[in-house]
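Below is one structure, written out as structure tokens; comments come after it.
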2 protein chains.
Amino acid sequence: MRDADATKQRLIEAVDALIVEQGIGALGVNAVAQQAGVDKVLIYRYFGGWSGLLQAYAEGEAFWPSTQDLLGECPKEILALPPAERWQLVLSRYVRELSKRPRTLEILAWEVTARNEITARLEAVREKRALELLSHLGDGCDPDVDLGALAAILSAAVHYLLLRGREIRGYSGIDLQSEAGWQRLEQTMARLLTAYFQSN
Amino acid sequence: MRDADATKQRLIEAVDALIVEQGIGALGVNAVAQQAGVDKVLIYRYFGGWSGLLQAYAEGEAFWPSTQDLLGECPKEILALPPAERWQLVLSRYVRELSKRPRTLEILAWEVTARNEITARLEAVREKRALELLSHLGDGCDPDVDLGALAAILSAAVHYLLLRGREIRGYSGIDLQSEAGWQRLEQTMARLLTAYFQSN
DNA sequence: CTTGCATGTCACTGTGCGGTGACATATGCT
DNA sequence: AGCATATGTCACCGCACAGTGACATGCAAG
């Protein structure tokens with residue numbers, strides 16, 4: 001083929017395929033080269049090494065749901081809702097968007113155990129997005145309420161439950177792999193939010 | 001020393017030391033043998049191999065806070081509290097107990113990325129304990145309330161935030177490595193619980 | 001004292017890993 | 001056409017890993 005750009009692309013796609021199919025644990029120079037059907041030496045030539053390839057992959061991929069994904073096409077309508085409903089809606093969308101993204105879940109899991117430049121960058125992007133979204137969600141809320149802590153708790157719960165749900169069913173009596181289980185979770189989160197915003 | 005039991009013990013302790021000092025990622029036959037100051041072949045002789053040693057370690061260690069740790073010495077007093085306060089207290093203790101247990105956090109992190117016999121067993125123990133505790137916490141609550149989901153959400157949030165706090169500071173604007181950050185989190189959880197139980 | 005076994009040491013195999021140097025060949029420019 | 005270089009192939013290194021076989025030695029029972 002003699003086409004460097006295409007080869008780079010194949011390597012990056014191979015990283016993605018391996019992550020989705022086998023998980024981050026299976027990732028490595030040899031595995032990626034084989035998956036791409038390419039000699040591994042090209043990883044070093046084109047990306048300067050393993051971490052270079054990972055970085056290229058991380059930059060090219062949109063792991064994180066966009067603000068639009070979460071607020072929808074008519075953010076004004078959503079932002080006009082009372083706080084509890086607004087948060088419920090966004091949280092529900094957040095769950096849906098994340099569960100559609102096996103790559104993102106894999107990355108989230110990776111961040112829990114590994115710490116390196118790649119995860120650090122991805123985390124920085126995430127944090128920025130979170131704060132950005134948070135600024136939108138705060139309109140019209142009682143300033144006395146700690147929205148940062150609220151978002152931290154709820155998103156943390158969602159992250160953990162989605163991650164565990166990839167492998168186990170029963171968690172605190174909830175079936176994390178069934179629609180019904182997640183309905184119980186979302187309903188309880190919704191009630192928590194309603195009660196919380198009502199009480200202030 | 002010519003003492004098989006002592007050697008077994010040293011190996012198990014070496015596993016523990018490595019987990020605490022270097023994390024699960026650093027665990028391996030060679031590393032453990034070196035840490036124990038013992039030949040690795042003894043791992044195979046005494047434990048039948050690597051997974052045997054891990055299993056022996058897992059069985060011997062008490063990773064999980066006991067019901068007593070969480071309910072305290074006078075469970076009756078705690079169980080006599082109104083639901084919101086009861087849950088607040090237990091949750092707060094749960095955070096404190098877990099943050100004292102680096103091994104347990106390491107295992108929790110491990111479970112997120114790896115799935116094997118060991119993690120499966122540990123998870124089973126955890127789930128059993130959780131349901132047990134849950135049965136105590138449900139007294140006098142509105143039966144309409146989904147306590148399983150509530151416990152899942154809150155414990156998931158705590159797990160995730162504790163795990164992330166080992167490596168990052170900023171999460172949704174909260175400093176996960178400071179007393180102040182955790183006070184914000186606990187206070188928000190407390191308010192959520194109060195509002196939640198009040199509204200039913 | 002001698003024999004048998006538990007305990008421990010050492011050297012080794014095979015595998016997969018990340019990484020590199022030397023070579024082959026297609027492509028595009030002059 | 002001929003050359004330089006970008007592109008790709010291949011064989012290889014050193015390392016760490018899990019696991020094993022053969023040997024040495026202390027101890028306890030006969």
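Quick note: numbers below take in every heavy atom, side chains included, and nothing from hydrogens, waters or symmetry partners. Per chain, numbering begins at 1; letters A, B, ... match sequence-line order.
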Point to revise | Centroid separation B:Tyr57 to B:Phe63 less than 6.0 Å | key: yes

Practice item. Rounded off to whole Å, could you give me the CZ-to-C1' distance for the B:Arg45 and D:dG21 pair? Key: 11 Å

**Study point:** Parallel, tilted or perpendicular: ring planes of A:Tyr160 versus B:His159, cut at 30 and 60 degrees
**Key:** perpendicular

**Study point:** No-H, no-angle donor-acceptor pair, B:Arg2 side chain to C:dT7 base, under 3.5 Å
**Key:** yes

Review point. Using a cut-off of less than 4.0 Å, is there contact between a side-chain N or O of B:Thr7 and OP1 or OP2 of C:dG8?
Key: yes

Exercise for review: Kindly assign one of parallel, tilted or perpendicular to the pair B:Trp64 and B:Tyr94, based on the angle between their ring planes and the thresholds 30° and 60°.
Suggested key: perpendicular

Check your understanding: Which one of A:Arg101, A:Arg166, A:Gln22 satisfies the side-chain hydrogen bond (donor to acceptor under 3.5 Å, both in side chains) criterion with A:Glu106?
Key -> A:Arg166

Practice item. Give a yes or no on whether A:Val15 and A:Val29 share a hydrophobic cluster (residues Ile, Leu, Val, Met, Phe, Trp, Tyr; joining criterion: side-chain heavy atoms under 4.5 Å apart). Key: yes

Check your understanding: To the nearest angstrom, how far is B:Gln34 atom CD from D:dA18 atom C1'?
Key -> 15 Å

Check your understanding: B:Leu42 has an atom CG; how far is it from atom P of C:dT9, in whole Å?
Key -> 7 Å

Review point. Would the number of heavy atoms belonging to other residues, nucleotides or ligands and lying under 6.0 Å from CD of A:Gln34 be above 12?
Key: no

Check your understanding: In B/S/- notation, 5' to 3', how is nucleotides 11-19 of chain C contacted by protein heavy atoms closer than 4.0 Å?
Key -> ------SBB

Study note, to complete from the structure: Rounded to whole Å, the CG-C1' distance (B:Leu53 to D:dA18) equals 13 Å

Exercise for review: Whole angstrom is fine here: how far is it from CG in B:Leu11 over to C1' in C:dG8?
Suggested key: 12 Å

Practice item. Provide, to the nearest angstrom, the distance between the CG atom belonging to B:Asp3 and the C1' atom belonging to C:dG8. Key: 12 Å

